[in-house]
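Here's the structure we're looking at; comments come further down.
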Amino acid sequence: MKTTADPIINGLNEPQREAALHIQGPVLILAGAGSGKTRALTHRIAHLMHEGVQPWQILAVTFTNRAATEMKERITNLLHITDGTDMDFKTGQGRLPVMGTFHSVCVRILRRDIERLGRDRSFVIYDRDDQEKLMKQVLKDLHIDEKELKPRAALSYVGRFKSEAVSPKEAAHDATTPHMQLVIRAYERYQGALKESNALDFDDLILETVRLFHECPEVLERYQETWRYLHVDEYQDTNHAQYLMISLLAQKYRNLCVIGDPDQSIYAFRGADIRNILQFEKEYPEALRIKLEQNYRSTQLVLSAANAVIAANPSRPEKEMWSDRKEGPQILVQEVEDEKKEAADAIKEAENLRREGVPFNDQVILYRTNAQSRLFEEACMRAGIPYRIVGGVKFYARKEVKDVLAYLHAILNPGDTLSLLRIINVPARKIGDTTMGHLQAYAAEQKLTLWETLLRIREIPNVQEGAKNRITEFTAVLQRLQEVAQRQVVAALTTDLLHAVDMEKWLRDETEEGENRWQNVQELLSVMHKYSALEPMLSLTSFLEEVALVSEVDKLSTMRDDALTLMTLHLCKGLEFEHVMIAGCEEGIFPHSNTMYDKEQLEEERRLMYVGMTRAKTHLRIFFARSRMLWGNTQANAPSRFLDDLPDNVTERRSDDILSAFAWGATKAMHTRSGGKIEPFRQKETLPEVEFNQDLSFTVDTEVNQDAFSDGSRVEHAAFGQGTVLSKRGDVVDVRFDSGVRKSFALSIAPLRPL
DNA sequence: CCCGCTTACGTTTTT
DNA sequence: CGTAAGCGGG
């Protein structure tokens, strides 16, 4: 029996200890925000190993690489393993349990066993962009008008079907309307096209694994025998397909430990099914239920506020977070004139706290929609404070990055037609649509892949001699690189590749964008260096595999500069900050207007608010604006209904307007009178244009600046130094700095001054 | 092939 | 209002 002297058990609170020690049978852990969930989980796994369970018999599944990495690190520390490296994990030889995302675990299974489903092990993984391209082609092939069914809409249906594990055949069964029948045809064809390209999209990774388990009981049994102790993190976010996968694995030994928080379920729109966690005990009646309610992150004031907000949601398991940290500042609810004022105020608050010793790294601005980020970004630039935006255009989704990756994919697997199509004319080598049209026609007719067609280019009619030569050149380059790939690691291979196709010249076109593009490729190269210790081919495949499955939030921890973080509320889950600011808390913004007529969506919005608030350790500020410019219109939105639930005793309400006290009382009364029901017209009220700009200094600033930036004038930038204005168009100036760097700026924003 | 103009659109997105 | 994508002209 374990005693409290045991380092694995020591330091856990009572329910955490229970979670760690109860290792046989199903366990449901309801773990509130900041309750030491990862701690409970990692200690549990460490305890399992202490009890003689082999590491490879333990599986822990998460949703993000970030979570998986953190768990691996913490278990490594806990066990004082020094040689259980990540690479060991990959080959399955390590001393660490198998820990990874749903998708990476499934890839691992499929790379090994997908041939049983009559498919090729060297499949490629399609991301969002690839999916859209493919679906576009599918709709074209089916002669479906883009107006009738857009690729994105079709994909969203397909995604929904797949997350619910509904095959095209089953879906066809329920398709009653002509529109849905169209969707089903697209779904069917899309799946066929994926198979032809030897590709799987993200959803397929899960779904094909489920299919494998269904169709090959002996394979399922092998995994059941291997992974006897199963753990699933963020269980409230699992969709039906993921639920099936886990259920199948668990059905033999029933050692399934799921952890989650129904109050933090914010991905229903993506197919997450909160019922998976709510009905866990029905499915496993013998399950032990553990509640982690002590919060180690926030002050009691923050928690009281968050608890009050989430309490308004019906049918949630009873759970109330509490904290030992009784003291702290009040929750600040700040009313501001408009969205510009909001941004300026938020930045000012960040700077104030910075001065008091809270680094920017420990501060975040959260908003509901990405579009809101722009103003904060501009405010940061204006104030000259460092910031980073998480999300938005993803690094690995950038064209130049995807182009390089497409080269690597094509080198590894020339059968990857999508990649070939992507790079055949990048950099431009005058192989245009006409030529490609002939080639694809020939390929279809002869039942050849594009690559095989390219290799036989000499036999193909209708293609001009010049184009044939250029294609021969292209295939020769790829073939040479294929050989290089056999003996060089991925970084060296890529350096060779970039040189061979003169990528630098193509990307670096003397503009700021060109410079950025090249920088991005350099960054990609630096990521590759992490794979230099491996065998050449393994280095290439591991790199591509990992790149296919990473997200933006994963990179957060690796950034070291002190910068204010800006991100959507959805992305903040799992993170924590000393100072959290939640912007745009107005009806129609948050909760978002599209959710306001649906009870369940509204509940999810409330959970999103709860998630945002519980990120705060100490300082929590909530902003709402009296008026806001949205889609070219100025509108006045009522303060968010979520603010009504903030208890007065932990809240301080402030406003930049003298009449605000009155306004507050009025809105609160209005919400109360309507009994919490939605008043459709509330957010439509538009105030007469108020052109009273309180921040005069800003207006003056930009006006004065304008004239001093004529062509050829000398300027100085806070970060880039001195330079010469090349051209000026309205608010935008092009500057060449003495360092040689060329950039364009928005005058009203950039820290640029005339000399 | 690249640009600038027109048009359409506007929620969130682990992999 | 701001943006991204599509298209026609140079």
Side-chain angles (χ1 to χ4, degrees), chain A residues 61-68 100-107 125-128 130-132 136 146-147 150-152 155-156 159 162-163 200-207 233-234 236-239 241-242 264-272 339-340 366-375 378 390-394 396-397 425-433 506 509 511 545-554 556 567-575 584 588-596 598 601 604-605 607-609 611-612 628-635 729 746:
Chain A
V61 191
T62 64
F63 273 82
T64 62
N65 290 304
R66 219 180 83 82
T101 62
F102 268 102
H103 294 84
S104 67
V105 169
C106 287
V107 167
I125 301 167
Y126 273 12
D127 68 12
R128 205 50 236 184
D130 304 328
Q131 285 182 286
E132 271 182 42
K136 217 168 175 175
E146 280 227 4
K147 279 184 201 88
K150 284 178 222 142
R152 286 187 63 169
L155 278 175
S156 113
K162 287 190 179 182
S163 69
L200 292 145
D201 65 20
F202 286 132
D203 295 325
D204 281 345
L205 296 177
I206 315 288
L207 218 44
D233 193 15
E234 306 278 15
Q236 77 283 349
D237 285 335
T238 48
N239 63 30
Q242 289 158 337
Q264 294 187 65
S265 161
I266 54 174
Y267 286 117
F269 71 90
R270 203 170 53 192
E339 75 279 4
K340 286 186 180 143
L366 303 172
Y367 36 80
R368 179 63 177 80
T369 67
N370 281 311
Q372 288 166 261
S373 70
R374 210 192 80 248
L375 285 157
E378 289 173 2
V390 182
V393 187
K394 314 253 185 308
Y396 290 109
N425 203 28
V426 175
R429 44 176 81 87
K430 299 208 164 78
I431 302 173
D433 290 346
W506 166 249
D509 60 0
T511 66
E545 199 87 290
E546 178 154 332
V547 156
L549 302 173
V550 297
S551 79
E552 204 70 358
V553 188
D554 297 332
L556 253 188
M567 64 176 131
T568 63
L569 283 143
H570 280 89
L571 288 179
C572 76
K573 193 157 71 156
L575 304 174
I589 305 291
F590 186 32
H592 194 272
S593 53
N594 293 7
T595 68
M596 297 215 301
D598 183 303
Q601 287 188 62
E604 182 150 311
E605 295 281 295
R607 291 193 290 269
L608 195 53
M609 182 69 176
V611 167
R628 177 175 297 268
M629 175 82 92
L630 195 64
W631 301 344
N633 289 315
T634 302
Q635 51 181 230
R729 230 180 42 223

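Letters A, B, ... are given to chains in the order of the sequence lines, protein chains preceding strands, and every chain is numbered from 1.
Rounded to an integer number of Å, the gap from CZ of Arg66(A) to P of dT13(B) is 16 Å. Here dA4(C) presents its P atom at 14 Å from CD of Glu132(A), a figure rounded to the nearest Å. Remark: P of dT13(B) and CZ of Arg152(A) are 12 Å apart, rounded to the nearest angstrom. Rounded to an integer number of Å, the gap from CZ of Arg374(A) to P of dA4(C) is 11 Å. When rounded to the nearest whole Å, the span between CG of Asp127(A) and C1' of dT13(B) equals 13 Å.
Arg374(A) meets the side chain to side chain donor-acceptor pair (under 3.5 Å) test with Glu378(A); sequence neighbours excluded. Taking the side chain to side chain donor-acceptor pair (under 3.5 Å) definition, one finds that Gln131(A) meets it with Tyr190(A), Asp201(A), sequence neighbours left out. In this structure, the side chain to side chain donor-acceptor pair (under 3.5 Å) partners of Glu604(A), at least two apart in sequence or on a different chain, are Arg607(A). Lys150(A) meets the side-chain contact (heavy atoms from CB on, under 4.5 Å) test with Ala153(A); sequence neighbours excluded. When the side-chain contact (heavy atoms from CB on, under 4.5 Å) test is applied to Thr568(A), the partners found at least two apart in sequence or on another chain are Tyr367(A), Asn370(A), His570(A), Leu571(A). In terms of the side chain to side chain donor-acceptor pair (under 3.5 Å) criterion, residue partners of Asp130(A) (sequence neighbours excluded) are, by chain and number, Lys402(A). With sequence neighbours excluded, the residues forming a side-chain contact (heavy atoms from CB on, under 4.5 Å) with Gln242(A) are Phe63(A), Phe102(A), His103(A), Ile206(A), Thr238(A), Asn239(A), listed by chain and number.
Taking the C1' atoms as reference points, dG6(C) lies 24 Å from dT11(B), given to the whole Å. Comparing dT12(B) with dA5(C), their P atoms are spaced 15 Å from each other, to the whole Å.
Nearest to the side-chain atoms of Met629(A) among the listed nucleotides dG2(C), dC1(C), dC2(B) stands dC1(C).
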At a cut-off of 3.5 Å, list every protein nitrogen or oxygen paired with a nitrogen or oxygen from nucleotides 5-7 of chain C, distance to 0.1 Å.
residue : atom : partner   : partner atom : Å
dG6(C)  : OP1  : Lys136(A) : NZ           : 2.8

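As judged by a 4.0 angstrom heavy-atom cut-off over every strand, Arg128(A) is placed among residues making no nucleic acid contact. Residue-level contact check: Asn425(A) touches the backbone only, with heavy atoms under 4.0 Å from sugar-phosphate atoms and none from bases.
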Going 5' to 3' through nucleotides 5-12 of chain B, assign each nucleotide B (protein heavy atom under 4.0 Å from a base atom), S (under 4.0 Å only from sugar-phosphate atoms) or - (no protein heavy atom that close).
----SBBB
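In this structure a side-chain-to-backbone donor-acceptor pair under 3.5 Å is present from Arg66(A) to Gly574(A).
Counting heavy atoms from C-beta on, the side chains of Val61(A) and Thr101(A) never come closer than 4.5 Å.
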